[in-house]
Structure formats: structure tokens, C-alpha cells
Amino acid sequence: MTKPSFFNQAALVDDLWNEMTTTGFSNRSKNDFYDFVLYLLNKYDNNHFLSENDNAYNERLLKSTEVRIKSAKKNISVKFMSSEEYDDIFIDFIKKISSGNLPSLDDNGDTYIMVIEDTALRSVLETKLKRITHTTFDYKMNKEIVTISHSAFLKMLAVELDLSNDSNGMITLLSNTIDSLKDEKSKQDIKEALTEAVGALKESDSLQSLTINGLKAVATFAVTKFLTRE
């Protein structure tokens with residue numbers, strides 16, 4: 001949890017001035033003006049407080065309500081983010097997985113459970129899931145606690161990141177990423193499953209056998225691809 005620490009405040013003021021002189025704040029609603037200011041403050045905050053803090057912390061920080069903060073995040077993603085910034089919502093999610101912020105598994109071990117407070121992130125992931133796997137999150141009783149099967153989630157990642165052309169590098173990375181596994185048989189099972197999944201992306205059973213470590217490997221590889229993109 002962090003308080004804002006702003007950099008390049010001159011650029012922040014320039015962005016505010018440019019918006020004021022090109023679109024005219026007088027034509028915007030009070031909520032849009034507030035959300036745009038939040039967008040700029042978050043953009044030029046070293047810690048990106050709005051994106052990184054949980055809603056409960058920002059509720060106290062901004063003297064607002066959690067519902068209003070959620071609404072602001074969604075509005076910002078639709079009206080104020082550039083295409084690259086919108087893409088970064090997904091990239092940042094992948095980065096968090098690769099750095100160890102992993103979803104948990106259900107009791108059966110074949111479904112990921114995630115807490116996603118950010119409505120913009122949920123929207124991004126749902127759009128990709130619907131387009132690629134023709135399914136979406138299961139919300140059960142809480143909109144912020146989502147579940148999704150291995151097969152759907154990992155297939156979405158693999159197709160979205162075009163990993164089918166990188167199977168050799170993927171397997172090498174996976175081997176390095178899951179060295180912490182002591183059971184060599186488990187490691188081999190995961191490697192074989194990922195080889196099949198990345199190579200073909202046709203049989204969901206192969207994806208279902210991937211563990212949390214497999215997901216971390218996929219995410220780590222994805223981050224590498226994104227950081228080297230043109």
C-alpha cells in the first residue's frame with residue numbers, strides 16, 4: 001500500500017492543459033473530470049497508486065467510496081487510456097503472475113481461483129476469454145472472486161500471446177522456472193503437457209494437467225515477449 005509520489009509534474013500539468021484546450025472540460029461531466037484527474041495522478045505516480053493499491057486502501061486515501069473507485073477505474077479504461085495503456089492492463093496482470101502473484105487452485109486442482117478487484121482488468125480478461133475460448137469467469141456469489149478452468153485460461157494465454165511458434169523456448173524456460181519442484185516425475189509431466197499444449201492448442205486435457213508452476217512459466221515467457229515487442 002503506497003501513497004502517491006509524483007514524477008515529472010510538468011508533464012502532468014501539460015497533459016491537463018492539453019485536455020482542457022482540446023476537448024474542453026466544460027463539456028464533460030463532474031465524474032469525467034474527477035476521473036481524468038485521477039488518471040493523470042496515477043499515470044505520473046511512481047507507485048501507480050490507483051492501479052496497485054487495493055480499493056479499500058484507496059477508499060481511505062481518496063476519501064471516496066469503493067463503488068466510486070471501481071467506477072472510476074472502468075471509466076478511465078474506456079475514455080482516457082491510450083490503446084497502449086489499455087494493452088498494458090493485460091501485460092501488468094501477466095507480469096504479476098510471473099513475479100509470483102499466482103492464483104490459487106481449487107480442491108480438485110483443475111480450476112484457478114483469483115481475486116480481481118479491478119473492473120477494467122476483469123473486462124479485459126473476459127473479452128479475451130470469450131473471443132478465444134467462448135467461455136468466461138464463474139463469479140459464483142462474489143463478483144471479485146472469479147474462477148476459471150485450466151483449459152480455458154491457459155488456452156487464452158497461449159493463443160493471445162501466440163506461443164504456438166515458440167514451443168522450444170517455452171519448454172526450456174519452463175524447465176528453468178520449475179526447478180523448485182523436487183518431484184522429477186511431476187516436472188516431466190508438466191513439460192510434456194506444455195509441449196503438447198503450446199504445439200497444438202487443440203486438446204484441452206493437455207492444458208488441464210498444467211500446475212500453478214506451469215502458469216508462472218507461461219506468464220514469465222509472456223513478459224519476455226512483451227518486453228521485446230516492437
Side-chain angles (χ1 to χ4, degrees), residues 2 4 6-8 11-12 14-16 18-19 22-23 32 35-55 58 69-103 112 114-137 143-144 146 148 152-166 169-170 173 197-198 201 207 214-230:
T2 57
F6 300 109
F7 68 93
N8 203 349
L12 189 159
D14 284 345
D15 281 359
L16 182 62
N18 289 336
E19 182 71 13
T22 54
T23 64
D32 278 358
D35 293 346
F36 182 72
V37 172
L38 273 184
Y39 159 70
L40 289 182
L41 293 174
N42 185 65
K43 178 180 179 180
Y44 290 104
D45 172 27
N46 286 301
N47 303 309
H48 303 297
F49 72 96
L50 188 64
S51 306
E52 298 301 320
N53 291 342
D54 61 44
N55 291 333
N58 280 333
I69 291 168
K70 292 177 183 177
S71 174
K73 288 181 177 180
K74 178 65 175 178
N75 196 34
I76 287 169
S77 71
V78 172
K79 295 183 179 178
F80 304 125
M81 284 184 173
S82 66
S83 296
E84 184 172 317
E85 287 173 323
Y86 190 76
D87 289 342
D88 283 343
I89 294 175
F90 180 64
I91 297 171
D92 289 342
F93 171 72
I94 298 300
K95 285 180 179 179
K96 288 178 181 178
I97 293 177
S98 71
S99 64
N101 187 8
L102 300 167
Y112 294 127
M114 292 173 275
V115 177
I116 303 178
E117 287 190 333
D118 192 333
T119 54
L121 174 57
R122 285 204 305 270
S123 178
V124 167
L125 294 177
E126 283 189 322
T127 299
K128 295 179 185 300
L129 285 166
K130 290 175 183 177
R131 173 169 52 83
I132 295 170
T133 69
H134 307 294
T135 188
T136 188
F137 288 128
K143 193 75 172 176
E144 295 180 353
V146 302
I148 189 71
F153 191 71
L154 292 170
K155 182 172 182 179
M156 179 273 287
L157 286 181
V159 172
E160 183 68 20
L161 303 171
D162 192 24
L163 300 183
S164 58
N165 297 323
D166 296 290
M170 190 69 182
L173 176 70
V198 172
L201 294 175
L207 289 167
L215 175 59
K216 183 175 181 180
V218 171
T220 303
F221 190 76
V223 170
T224 302
K225 287 175 67 67
F226 277 128
L227 293 179
T228 58
R229 67 182 178 176
E230 295 182 358

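- Residue Thr127 holds its OG1 atom at 10.5 Å from CD1 of Ile132, rounded to the nearest 0.5 Å.
- To the nearest 0.5 Å, atom CG of residue Asp118 and atom CG of residue Asp92 are 10.0 Å apart.
- Applying side chain to side chain contact (heavy atoms under 4.5 Å, CB included) to Pro4 and the options Asn42, Asp45, Asn47 leaves one that passes, Asp45.
- Judged by the 6.0 Å and 45° rule, Lys128 forms a cation-pi pair with Phe90.
- Between the Glu144 side chain and the Ile116 main chain, no donor and acceptor come within less than 3.5 Å of each other.
- Under a 3.5 Å cut-off, the side chain of Lys70 and the backbone N or O of Thr119 do not form any donor-acceptor pair.
- The nearest pair of heavy atoms linking Phe137 to Arg122 is CE1-O, 4.4 Å.
- Taking every heavy atom of both residues into account, Leu41 and Phe6 meet most closely at O-CE2, 3.2 Å.
- In this structure, the separation between OG on Ser83 and CG on Asp88 is 11.0 Å, given to the nearest 0.5 Å.
- Contact detail for Lys73 and Asn53: the closest heavy-atom pair is NZ-O, 4.2 Å.
- Using modelled atom types, one side-chain atom of Asn18 and one backbone atom of Asp14 make a donor-acceptor pair closer than 3.5 Å.
- Remark: of the listed residues Glu85, Glu19, Lys79, Glu85 is the sole one forming a side-chain hydrogen bond (donor to acceptor under 3.5 Å, both in side chains) with Tyr39.
- For the atom pair CG of Leu50 and CD of Glu52, the computed distance is 10.0 Å after rounding to the nearest 0.5 Å.
- The distance from atom CD1 of Ile89 to atom OG of Ser51, rounded to the nearest 0.5 Å, is 8.0 Å.
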ask   = Does the pair Ile148 and Thr135 meet the rule for a side chain to side chain contact (heavy atoms under 4.5 Å, CB included), with working shown?
value = CA-CA 9 Å; Ile148 189 71; Thr135 188; 4.3 Å; yes

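- Residues Glu117 and Asn55 come closest through the heavy atom pair OE1-N, 2.9 Å.
- Judged by distance alone, with hydrogens and angles left aside, the side-chain atoms of Asn8 form a donor-acceptor pair with the main-chain N or O of Ala11 at under 3.5 Å.
- Looking only at side-chain heavy atoms (C-beta outward), Val124 and Phe93 stay at 4.5 Å or farther from each other.
- Ring-centre distance between Phe36 and Phe80: below the 6.0 Å cut-off.
- Of all the heavy atoms in Asn58 and Ile69, the pair that sits closest is C-CD1, 3.4 Å.
- Considering CG of Leu12 and CG of Leu40, their distance stands at 5.0 Å, rounded to 0.5 Å.
- With no hydrogens or angles considered, a side-chain donor-acceptor pair links Ser123 and Lys74 at under 3.5 Å.
- Closest heavy-atom contact between Met114 and Phe153: CE-CE1, 3.9 Å.
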key: Pair Lys43-Asp15, side chain to side chain contact (heavy atoms under 4.5 Å, CB included): steps then yes or no   = CA-CA 11 Å; Lys43 178 180 179 180; Asp15 281 359; 3.2 Å; yes

